[in-house]
Amino acid sequence: MRRVLSHRTLLPLFPNAAARKLLLMMLFVLTFWVFFMASKNHIEFLFHFNNPVTLRQWHILKKFLHSEGLQNTSASPADEELVMVTEILEKLNRQIPPRPFTNLNATTSAKESRATILNPRSTYCIGDQLDILLVAKDYFGHRKEYGGDFLRARMFSPALKAGASGKVTDFNNGTYVVSFTLFWEGPVSLSVLLMHPSEGVSALWRARNQGYDRIIFTGQFLNGTSPVFTECSLTLNTNAEQCQYLDTRDHEAFYCMKPPHVPCEALTHMKTDNSDVSYLSLKEKLLFQRFNIAVEMVKNLAITVSPCNRNETKKKKCQIGMKTPFPSGYTFKGRWISTFCEQSVFSDIKDINNCLTRKLIYLMGDSTLRQWVYYLNKVVKTLTFFDLHGTGMFHTHVLLDTNRHILVQWKKHSHPFVTKKLFSVKDDNYIPREIDQVAGDSHTAIVISFGQHFRPFPINIFIRRVINVKKAIERLFLRSPDTKVIIKTENIREVNENAEIFSDFHGSIQNLILRDIFRDLNVGIIDAWDMTIAYQSEDVHPSNSVIESQVAMFLNYIC
């Protein structure tokens with residue numbers, strides 16, 4: 001009879017005590033590894049997920065990887081990425097804890113809450129900090145015992161066309177301090193808007209991460225000359241045959257129901273619509289009626305700022321890699337003024353042309369960057385559109401000045417792209433792939449902006465995309481460290497009742513994620529969020545004055 005090996009039979013072979021300890025340790029590790037690898041879902045076992053979004057995403061990722069025949073490895077990029085996504089999700093879940101919601105009267109009331117100036121003075125000087133103490137109360141007049149309200153603070157002087165953001169500090173006990181830096185002289189009005197009470201914030205966060213079906217994607221396939229329409233999505237829950245559009249390196253996936261007798265390669269166009277799906281309860285929906293969103297909490301608070309004896313600190317010229325504080329700037333007489341660097345003024349067309357000469361500029365992202373192309377075409381008359389035979393608003397846009405060797409190109413980011421207008425997918429590419437195609441040099445600049453189209457989907461989709469963009473930028477810097485990369489953050493947008501899909505709360509979270517992931521990269525930041533609050537430009541496509549300020553900041557970074 002074959003003798004079974006065990007620790008009792010093996011130990012006499014190792015008389016040395018140290019050797020025995022090493023043997024027992026190796027046996028323990030081997031046993032653990034056998035059980036670990038035998039588990040069907042050993043990656044889930046490794047990460048002990050508590051978040052249903054993360055687990056759902058891992059199932060999608062597994063399906064995606066297995067469809068390509070990829071092998072699981074102990075340190076695969078997919079595993080590393082999943083760890084990063086999980087860590088960020090856990091951090092966000094701690095920052096946005098569940099809040100009890102019994103009825104509307106128990107939520108934060110803008111009318112009942114109280115705002116007072118801390119340590120009021122008889123004279124306020126330019127450069128001083130003004131603090132407001134805000135005590136949140138519910139509709140019964142009871143002080144709130146926890147924080148988490150989504151607030152927007154702004155100071156402004158309409159006659160001076162001046163505005164700036166305020167910084168909100170949440171003490172998580174129902175009290176907040178809103179801080180303003182006094183940038184200009186004269187009468188200043190103060191505003192704090194209750195965008196959503198903490199109970200609404202909690203509901204939005206829970207609802208966002210529950211599903212992918214708030215947006216309906218419709219793909220158009222061409223069967224000869226006849227269009228065939230079918231359902232598409234970031235994930236499809238069906239056993240029917242699907243067309244899978246997969247990026248194996250970056251683990252990006254998009255699916256369409258396969259039309260009969262039509263190849264998957266025949267997908268040419270896409271459009272979207274909002275669905276009736278909601279993950280909010282009927283009671284929670286009361287929080288997002290228009291009269292409950294963006295309600296003023298500060299009543300008649302205004303001060304007058306004096307010049308005093310101000311010594312202005314000399315700032316360094318704006319350049320790539322500078323850290324942007326908050327607020328990063330303010331508007332004065334309609335012009336954006338940076339708080340952290342000295343800006344050159346590009347008011348003369350000759351100065352703009354000199355800056356752009358021999359530049360290759362690639363704009364990658366959403367239609368808020370496409371606005372730059374229209375602005376440059378209007379201001380710089382020598383920049384003319386090159387006809388690429390595209391149709392609709394979302395085809396690739398190219399501006400050329402052949403005499404000065406200037407190229408400006410805008411290309412939309414790939415899925416998810418949300419619009420009711422039909423757009424071509426044949427020139428689509430994910431931003432990391434676009435970055436990989438840029439050779440790069442000191443005369444090349446890349447501007448990246450995305451976020452608005454990600455708001456209706458679970459946050460892990462956005463996190464993964466930002467991670468992939470960061471990796472692509474790192475690859476670019478390895479082969480061409482002189483290439484200039486600028487990140488334009490997301491801007492605020494109009495307030496409407498479709499908050500579950502498009503609330504600025506989603507944008508604020510995405511801005512935090514973007515800044516956190518890109519914090520160590522040598523890139524320039526154009527703070528469109530801060531700009532649009534200062535300008536009070538509440539439109540998904542900001543006003544022309546905002547675009548002018550963004551382009552001016554860009555020119556300062558590259559010249």
Side-chain angles (χ1 to χ4, degrees), residues 161-165 183 312-365 368-369 371-380 383 399 401 404 406-408 410 440-449 473 477 481-491 514-515 518 521-535 537 542-559:
K161 295 183 180 179
S165 297
F183 292 116
E312 195 164 330
T313 305
K314 181 69 175 176
K315 294 182 290 189
K316 292 183 178 180
K317 182 190 177 301
C318 300
Q319 54 188 312
I320 297 288
M322 284 184 162
K323 302 302 179 186
T324 54
F326 186 87
S328 61
Y330 61 96
T331 64
F332 186 74
K333 295 183 179 179
R335 175 174 165 256
W336 177 257
I337 300 173
S338 171
T339 59
F340 65 93
C341 63
E342 187 66 33
Q343 295 167 278
S344 300
V345 179
F346 292 88
S347 56
D348 190 89
I349 300 303
K350 180 180 178 182
D351 294 334
I352 298 177
N353 272 327
N354 288 339
C355 176
L356 295 179
T357 295
R358 301 195 63 79
K359 294 290 195 304
L360 302 177
I361 299 168
Y362 299 97
L363 310 177
M364 305 177 183
T368 64
L369 265 186
Q371 287 182 272
W372 286 27
V373 176
Y374 297 149
Y375 172 81
L376 288 169
N377 173 246
K378 181 180 178 181
V379 173
V380 185
L383 280 171
L399 286 177
D401 181 338
R404 294 179 177 84
I406 304 171
L407 177 143
V408 181
W410 173 80
D441 57 27
S442 60
H443 294 285
T444 300
I446 297 174
V447 187
I448 300 165
S449 183
I473 294 172
F477 286 161
D482 293 332
T483 304
K484 296 176 175 62
V485 178
I486 293 95
I487 308 297
K488 184 184 79 66
T489 68
E490 201 170 330
N491 51 265
L514 194 77
R515 287 179 174 277
F518 286 160
L521 281 183
N522 187 37
V523 298
I525 299 292
I526 295 177
D527 196 341
W529 188 269
D530 207 2
M531 281 186 182
T532 47
I533 292 177
Y535 276 103
S537 178
S543 61
N544 196 60
S545 56
V546 176
I547 302 304
E548 181 180 3
S549 293
Q550 292 175 359
V551 172
M553 197 70 195
F554 164 71
L555 295 175
N556 270 272
Y557 277 138
I558 68 170
C559 296

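Note that the numbering runs from 1 along the sequence shown for the chain.
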### Message
Can you confirm whether Lys316 is buried at NZ, in the sense that more than 12 heavy atoms of other residues, nucleotides or ligands lie under 6.0 Å from that atom?
### Response
no

### Task
For the residue pair Tyr374 and Ile547, establish whether any side-chain heavy-atom pair is separated by less than 4.5 Å.
no

### Contact summary for Thr339 and Gly329, nearest pair of heavy atoms
CG2-CA, 3.5 Å

### Phe183 and Tyr330 aromatic ring geometry - parallel, tilted or perpendicular at 30°/60° bounds
parallel

#### Entry: Ser344 and Phe346, any side-chain heavy atoms less than 4.5 Å apart
yes

### Query
Does a sphere of radius 6.0 Å around NZ in Lys315 hold more than 12 heavy atoms from other residues, nucleotides or ligands, not counting ones at 6.0 Å or beyond?
yes

### From Asn353 atom CG to Asp348 atom CG, the distance as rounded to the nearest 0.5 Å
9.0 Å

### Query
Charged N to carboxylate O under 4.0 angstrom, Arg515 versus Asp527?
yes

### Message
Assess, by modelled atom type and distance only, whether the side chains of Trp529 and Glu490 contain a donor and an acceptor separated by less than 3.5 Å.
### Response
no

### Message
Surrounding NZ of Lys333 (heavy atoms of other residues, nucleotides or ligands, distance under 6.0 Å), is the total greater than 12?
### Response
no

### Query
If you take all heavy atoms of Ser165 and Ala534, which pair is closest and at what distance?
OG-N, 4.4 Å

### Query
Can you check side-chain hydrogen bond (donor to acceptor under 3.5 Å, both in side chains) on Asp441 and Thr444, steps first, answer last?
CA-CA 5 Å; Asp441 57 27; Thr444 300; 2.8 Å; yes

### Message
Looking at Asp351 and Ser347, would you say the former's side chain and the latter's main chain have a donor-acceptor pair under 3.5 Å?
### Response
no

### Task
Using a 4.5 Å cut-off on heavy atoms from C-beta on, say whether the side chain of Phe340 contacts that of Ser328.
yes

### Task
Answer whether the closest heavy-atom distance between the side chains of Ile487 and Ile526 falls below 4.5 Å.
no

### Query
Looking at Lys317 and Cys559, what are the two nearest heavy atoms and their distance?
NZ-O, 2.7 Å

### Query
Between Cys318 and Gln343, is any pair of side-chain heavy atoms under 4.5 Å apart?
yes

### Message
Contact between Val373 and Leu399 at the side-chain level, heavy atoms closer than 4.5 Å - yes or no?
### Response
yes

#### Entry: CD1 on Ile558 to CD on Gln319, rounded to 0.5 Å
14.5 Å

### Query
For the side chain of Thr331 and the backbone of Gly334, is there at least one donor-acceptor N/O pair under 3.5 Å apart?
no

### Message
We want to know whether Thr368 and Lys488 form a side-chain donor-acceptor pair, criterion being a heavy-atom distance below 3.5 angstrom.
### Response
yes

### Side-chain heavy atoms of Leu356 within contact of Ile361, under 4.5 Å
yes

### Task
Could you tell me whether a side-chain N or O of Ser549 sits under 3.5 Å from a main-chain N or O of Ser545, the two making a donor and an acceptor?
yes

### Task
Indicate yes or no for a side-chain donor-acceptor contact from Asn491 to the backbone of Met531 under 3.5 Å, with no hydrogens or angles considered.
no

### Query
With no hydrogens and no angle check, is any side-chain donor or acceptor of Ser442 less than 3.5 Å from a backbone partner on Asp482?
no

### Summary
For Tyr362 and Leu407 the tightest heavy-atom approach is CE2-CD2, 4.2 Å

#### Entry: Atom of Tyr557, atom of Thr324 and distance for their closest heavy-atom approach
OH-CG2, 4.4 Å

### Query
Does Val447 reach the side chain of Trp372, with side-chain heavy atoms less than 4.5 Å apart?
yes

